[in-house]
Undergrad: 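Mind having a look at this structure? Questions to follow.
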Amino acid sequence: MKRTDANRRFRNSLTSKYLLIIGIAMLFMPIIFPMASILYWFINDGIWQPSPSLNDKYPNGTVLDQMWHQEAKSLASAPPEQVDKRLQALKQEYPEMAMFWVDDTDQTRLMLPEQEKLPKKWTPAASIQFMKAAYNSDPFTVVAYIGDDEKLGKGFMVMELPRAYIRPKQILASDTTVYSVFVFIMSGLFILISWLFFARIRKRLIRLKEAMISPDLDSGIPRSVMMTKPDEIGQLEQGYNDMVAQLEQGRRRQLEEEELRKSLIANLSHDLRTPLTVIRGHLHALDAESLSEQGRDSVARIETKITDLSELIDNLLSYSLLTSGRVELKREACNVLRLVKESAAAWYPIWEKEGIEADIDLQNEPLIWQIDALWFRRVLDNLFQNVVRHARSGCYIGIHTETREHDHEVCLLITDRGPGLSRASSSKGTGIGLAVVEMLTKEMELDCTLVSSESGTAVKLTRSS
């Protein structure tokens with residue numbers, strides 16, 4: 001079974017297909033030259049040759065010229081009567097020709113047929129004029145001396161034939177030309193087949209690449225592709241589809257876990273509020289009792305931790321609502337500095353109790369931003385709470401406005417002189433408060449820049465450019 005599967009995979013592979021193309025090309029090479037020979041015969045001597053006709057009697061000018069000179073040579077010692085007789089015989093054999101001859105006294109003798117334009121007595125001027133008119137013209141003219149030798153002085157004989165009777169000279173293909181053209185055609189055919197083979201491979205790879213770089217807009221996961229053939233690229237497509245399926249399964253599992261986490265946070269936040277309320281009520285009851293100094297200190301510490309826990313629950317609930325997209329911010333033009341002053345006034349007793357000096361220096365002109373006032377208060381509360389928790393040792397909080405030089409945009413700056421975020425704190429939290437700040441400022445199109453060092457932390461809020 002394994003061997004059968006391996007054979008099937010090899011037959012369907014790209015390697016076997018390309019080896020088949022190479023094998024056919026190599027098997028075809030030995031018959032190229034025999035086929036070229038057949039093609040050569042087919043062109044020059046085969047069925048493309050015209051059928052016998054009148055033109056076969058007058059194949060071309062060279063043959064006629066040789067024939068006429070041969071006839072003139074055969075009449076070297078013939079008397080005039082024999083020359084006349086031979087011309088008459090040639091006229092019967094070649095009736096389309098016009099013939100005449102001139103004897104040694106420059107007298108025109110037999111004309112077949114009669115031609116009035118020919119002179120009875122030939123002078124050198126008349127001879128030159130005749131030769132000039134006959135050169136490369138129609139009719140085709142051949143002049144030969146009797147005996148084919150001018151020195152014999154026996155005159156000359158002339159034949160004329162309209163060029164329409166002469167078969168055009170055929171250009172026969174040479175062996176080298178036929179072989180070269182045939183080999184070129186077969187090589188071009190092999191190159192074309194190879195190019196088509198690789199072009200299809202390239203097309204399939206490009207389709208796979210486009211699927212990889214074109215993720216779904218909703219899930220962000222690449223699209224699957226349709227498997228076309230069970231070759232190596234088909235196996236790659238199948239593996240890619242399996243990977244996409246695993247990503248989709250992981251995405252669904254991630255969404256389910258995220259929904260479960262959000263639901264758990266929301267339920268825990270709701271369920272913890274009731275026992276905290278009960279504990280806070282009992283603390284007030286204990287505060288009314290007569291307690292020792294140590295007991296009152298313990299009650300104060302418990303109340304502080306309850307407050308911290310309540311704020312943490314609020315932040316968890318806010319974070320859950322923000323990440324689930326169930327919060328719709330109602331942005332409107334608000335005076336940010338008024339909100340900052342109100343929040344600072346609410347936190348001032350806590351700062352005073354913790355020994356934190358508040359340095360507030362805000363500009364007199366209103367600072368109008370498009371924000372949600374309720375959620376902006378949450379941002380300020382989280383920032384002020386971080387100062388109380390992690391930077392109370394610096395005994396300082398600064399709330400200022402400053403103007404950037406490059407665009408004259410007014411910024412809100414909140415600073416402290418604590419140990420910085422990199423140092424451990426006795427009230428070290430999970431960082432959920434800053435995460436809520438980051439998400440809320442992003443939703444309200446504000447830039448939140450946090451810079452922390454051993455000498456303190458600075459948070460700068462400004463409108464996004």
Side-chain angles (χ1 to χ4, degrees), residues 37 40-178:
S37 300
Y40 176 80
W41 172 86
F42 189 77
I43 293 175
N44 291 334
D45 302 315
I47 60 174
W48 283 2
Q49 290 292 347
S51 58
S53 64
L54 181 63
N55 288 339
D56 293 340
K57 189 186 297 184
Y58 311 109
N60 55 64
T62 302
V63 174
L64 294 175
D65 184 89
Q66 292 176 354
M67 181 274 294
W68 193 251
H69 280 272
Q70 187 66 32
E71 292 292 337
K73 187 175 182 180
S74 66
L75 299 172
S77 59
E81 294 77 8
Q82 188 176 350
V83 174
D84 291 343
K85 187 177 180 180
R86 183 56 186 163
L87 288 183
Q88 290 172 353
L90 289 174
K91 179 63 177 176
Q92 291 180 359
E93 186 177 354
Y94 302 100
E96 294 80 11
M97 287 185 180
M99 309 174 187
F100 68 91
W101 74 287
V102 179
D103 61 13
D104 53 353
T105 62
D106 297 329
Q107 296 291 328
T108 302
R109 298 293 297 262
L110 180 64
M111 290 186 293
L112 301 173
E114 290 290 333
Q115 301 183 50
E116 296 181 356
K117 63 179 182 179
L118 295 177
K120 300 295 183 182
K121 177 74 173 179
W122 289 78
T123 63
S127 299
I128 293 174
Q129 182 63 32
F130 177 80
M131 296 297 293
K132 182 178 179 181
Y135 178 74
N136 199 24
S137 63
D138 194 7
F140 175 73
T141 304
V142 179
V143 179
Y145 290 104
I146 303 298
D148 202 25
D149 189 356
E150 182 183 2
K151 296 180 180 180
L152 296 177
K154 291 191 173 185
F156 59 90
M157 52 190 288
V158 179
M159 77 89 173
E160 295 176 324
L161 177 67
R163 290 186 179 270
Y165 292 103
I166 301 176
R167 186 171 65 189
K169 185 177 180 181
Q170 293 182 336
I171 301 175
L172 302 180
S174 65
D175 293 350
T176 304
T177 302
V178 173

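Note that the numbering runs from 1 along the sequence shown for the chain.
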Undergrad: Working note: K154 + V83, criterion side chain to side chain contact (heavy atoms under 4.5 Å, CB included); need CA distance, chi angles, decisive distance, verdict.
TA: CA-CA 11 Å; K154 291 191 173 185; V83 174; over 6 Å; no
Undergrad: Could you give me the CA-CA distance, side-chain angles and deciding distance for T123 and D106, then say whether side chain to side chain contact (heavy atoms under 4.5 Å, CB included) is met?
TA: CA-CA 7 Å; T123 63; D106 297 329; over 6 Å; no
Undergrad: Can you pull the salt bridge (Lys or Arg N to Asp or Glu O under 4.0 Å) pairs that have at least one residue in residues 120-137, sequence neighbours excluded?
TA: none
Undergrad: With no hydrogens and no angle check, is any side-chain donor or acceptor of W68 less than 3.5 Å from a backbone partner on M157?
TA: yes
Undergrad: Would V143 and M131 satisfy side chain to side chain contact (heavy atoms under 4.5 Å, CB included), going step by step from the backbone distance to the final call?
TA: CA-CA 9 Å; V143 179; M131 296 297 293; 3.8 Å; yes
Undergrad: Under the salt bridge (Lys or Arg N to Asp or Glu O under 4.0 Å) rule, what pairs show up with a residue in residues 64-83, not counting sequence neighbours?
TA: E71-R86
Undergrad: Does the side chain of V158 reach to within under 4.5 Å of the side chain of F130, using non-hydrogen atoms?
TA: yes
Undergrad: Apply side chain to side chain contact (heavy atoms under 4.5 Å, CB included) to residues L87 and R109 and explain how you reach the verdict.
TA: CA-CA 11 Å; L87 288 183; R109 298 293 297 262; over 6 Å; no
Undergrad: Indicate yes or no: at least one non-hydrogen side-chain atom of L64 is less than 4.5 angstrom from one of M159.
TA: yes
Undergrad: So, taking the atom named NZ in K91 and the one named CE in M99, what distance separates them when rounded to the nearest 0.5 Å?
TA: 6.5 Å
Undergrad: Of all heavy-atom pairs between E160 and P139, which one has the smallest distance, and what is that distance?
TA: CB-CG, 4.0 Å
Undergrad: Can you see which heavy atom on A98 is nearest to which on Q115, and at what distance?
TA: CB-NE2, 3.7 Å
Undergrad: Aromatic rings F156 and Y145: how do their planes relate, parallel, tilted or perpendicular, breaks at 30° and 60°?
TA: perpendicular
Undergrad: For Q70, I'd like to know if atom CD has over 12 heavy atoms of other residues, nucleotides or ligands within 6.0 Å.
TA: no
Undergrad: Just how far is it from atom OG of S74 to atom CD of Q82, taken to the nearest 0.5 Å?
TA: 8.5 Å
Undergrad: In Å and rounded to the nearest 0.5 Å, what is the OG1 to CE distance from T141 to M97?
TA: 11.0 Å
Undergrad: Looking at CG of L112 and CD of Q92, how far apart are the two atoms once the value is rounded to the nearest 0.5 Å?
TA: 9.5 Å
Undergrad: In the structure I gave you, are the side-chain heavy atoms of M111 and L118 within less than 4.5 Å of one another anywhere?
TA: yes
